[in-house]
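Lettering of chains follows the sequences in order, A, B, ..., and the numbering in each one begins at 1. Bear in mind the structure is a predicted one, so any value in this text is a computation, not a measurement.
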Amino acid sequence: MAARALFSSKTLARVVRNDAAKPLGVGVAAAAAMHSRGLHVYTLPDLDYDYGALEPAISGEIMQLHHQKHHQTYITNYNKALEQLDAAVAKADSSTVVKLQNAIKFNGGGHINHSIFWKNLAPVREGGGEPPKGSLGWAIDTHFGSFDALIQKVNAEGAALQGSGWVWLGLDKELKRLVVETTANQDPLVTKGPNLVPLLGVDVWEHAYYLQYKNVRPDYLKNIWKVINWKYASEVYEKESS
Amino acid sequence: MLRHIVFFVLLFKKACCAMQGPKVNAKFELKPPPYPLNALEPVMSQQTLEFHWGKHHKTYVENLKKQVVGTELDGKTLEEIIVTSYNKGDILPPFNNAAQVWNHDFFWECMKPGGGGEPSGELLELIERDFGSFEKFLAEFKAAAATQFGSGWAWLAYRASKFDAENAENPPSPDEDNKLVVIKSPNAVNPLVWGCYYPLLTIDVWEHAYYLDFQNRRPDYISVFMDKLVSWDAVSSRLEEAKALITST
């Protein structure tokens, strides 16, 4: 804990994968077996920046635990659930297929949400915190009144969310409008509507901020805007709204 | 409903001693744990308790007071507010704060310095009767706590015969009654809202309960809670109170 890792996330992600594969032993065999049946095995995506690069908004220690431990656990359990699902489908075991849905939603959702979250963040020197320009900037003004009004809305909904979950800025592709939504636990945005595309997700699980902000979630929400990667959100918006 | 209230009065008689007199919101005070904040070191750090009790629990109390004052809930007991504001699952604003105040009061009393080990007497007998063995109970309780998605609580509770469970969505069948059960609940929800449960033990699995000491390692926190913190005395005396109430009504 004291030794804050300043390795690149890439190196660490590799270390984690190797560590995870070794003691299991069966991991490799299981992966091979899954591969032979054409089952995709999910792996931890690398970050585009170092763990410490978002400081002081988000500490390197939080980023490392969040990526290496939390996200990795969702992936591990998602792969496990998919493997069990595959076996249950092969055996036509409908009761198990249905029973697995909760684990798939939670762990698969955890993988989806965190993969988006990492893309939503960027160090200040790489443009983190720079307000969106172009069509997304216009759309935000149109739907929320102003960029600041959007931030206030997200912060208010994020602070009010009970327990663990996410606050989203999404695009409703059908109605062609921006929406702010919250989801519980690891439910992805699509659970709030099949036409919703996430542009920005803010993780308000306590693990996302507790080591630094403790019980003061509003301060975390206030500071995260300094490292939001609006370039990514704009790209998704432009692609999905065209 | 009346039975509920009688039970809660018994269950919380210690807490209620200081609350005699007219029902006013002043009764929602931040109740300290029955031990100093550093007493659970090194298992649960003083820092964790300073935040968990001194900030989180305190905020629930303060917010509840604000939400209740001047409303029809003003003057009601904490338990009445919980059951009323749960509103059959379509929860009303005061629910989260009311239930979290109750849950934390209950949680602090579930622990003691030098706790852990095994229960004894009738509690152990019932655990062995209803789970097969203490080890099997332990495994079930730990699994419930570990698999609660997101924030929430795991409970050991006595499920009594079905009675006026007006909040219950799926009342248990009669053959499942009158036994110890392990259940889990999301966020602020606790077994009181389902009408037929007498909570005996709980573990808080919100991340704020363990993150400073264990970070992402929730299973380690759960293990050490059962090994070194749980106060089986408290659980036994709650069982006594529940039984007394069940047989007297």
Side-chain angles (χ1 to χ4, degrees), chain A residues 1 16 59 61-78 80-81 99-110 113-114 159-166 182-187 191 203-220, chain B residues 45 47-64 67 85-86 89 91-100 103-104 143-144 146-153 184-190 204-221:
Chain A
M1 191 99 106
V16 168
S59 75
E61 189 185 9
I62 287 177
M63 288 301 295
Q64 186 179 351
L65 281 164
H66 202 171
H67 179 244
Q68 258 185 308
K69 303 291 185 184
H70 291 277
H71 191 171
Q72 180 62 56
T73 303
Y74 294 120
I75 290 172
T76 303
N77 292 332
Y78 184 41
K80 218 181 279 173
K99 197 178 82 183
L100 283 167
Q101 299 310 309
N102 286 337
I104 289 171
K105 186 181 178 190
F106 183 71
N107 294 296
N113 295 343
H114 284 92
L161 190 146
Q162 266 299 308
S164 308
W166 293 75
T182 59
T183 56
N185 296 331
Q186 292 299 354
D187 294 358
T191 60
D203 190 346
V204 293
W205 278 62
E206 287 172 326
H207 67 231
Y209 60 85
Y210 207 79
L211 292 180
Q212 190 174 355
Y213 295 95
K214 311 293 193 299
N215 59 307
V216 196
R217 190 191 285 178
D219 282 358
Y220 158 72
Chain B
S45 68
Q47 192 194 18
T48 288
L49 279 165
E50 280 169 357
F51 281 99
H52 197 174
W53 174 73
K55 301 286 185 184
H56 292 275
H57 189 169
K58 182 167 182 245
T59 305
Y60 293 127
V61 172
E62 286 171 353
N63 287 341
L64 177 64
Q67 281 173 319
S85 63
Y86 182 66
I91 61 172
L92 304 172
F95 175 77
N96 288 316
N97 290 309
Q100 284 293 69
N103 294 344
H104 283 91
T147 59
Q148 166 58 37
F149 292 135
S151 305
W153 303 77
K184 49 189 176 180
S185 61
N187 296 338
V189 176
N190 66 38
D204 187 346
V205 292
W206 282 60
E207 286 176 322
H208 66 230
Y210 60 86
Y211 212 81
L212 296 178
D213 295 330
F214 297 90
Q215 292 86 48
N216 61 302
R217 292 172 285 114
R218 189 196 283 189
D220 289 356
Y221 156 67

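- Rounded to the nearest 0.5 angstrom, B:Gln215 CD and A:Gln64 CD are separated by 11.0 Å.
- In this structure, OG1 on A:Thr73 lies 11.5 Å from CZ on B:Arg218, to the nearest 0.5 angstrom.
- A distance of 6.5 Å separates CG in B:Asn187 from CG in A:Asn185, rounded to the nearest 0.5 Å.
- In this structure, B:Glu207 and A:Trp205 have side chains that are in contact, with non-hydrogen atoms separated by less than 4.5 Å.
- At least one side-chain heavy atom of A:Lys214 sits less than 4.5 Å from a side-chain heavy atom of B:Gln47.
- Within the model, atoms OH of B:Tyr211 and CD1 of A:Ile62 stand 7.5 Å from one another, a figure rounded to the nearest 0.5 Å.
- Taken to the nearest 0.5 Å, the OG1 atom of B:Thr147 stands 11.0 Å off from the CG atom of A:Asn77.
- Between B:Lys55 and A:Val216, the closest side-chain pair of non-hydrogen atoms is not below 4.5 Å.
- Between B:Phe51 and A:Tyr210, the ring planes are perpendicular. Angles over 60° get that label, and only those under 30° would be called parallel.
- Residues A:Gln162 and B:Asn96 approach most closely at CG-ND2, 2.9 Å, considering heavy atoms.
- The heavy-atom pair separating B:Ser151 from A:Ser164 by the smallest distance is OG-OG, 2.6 Å.
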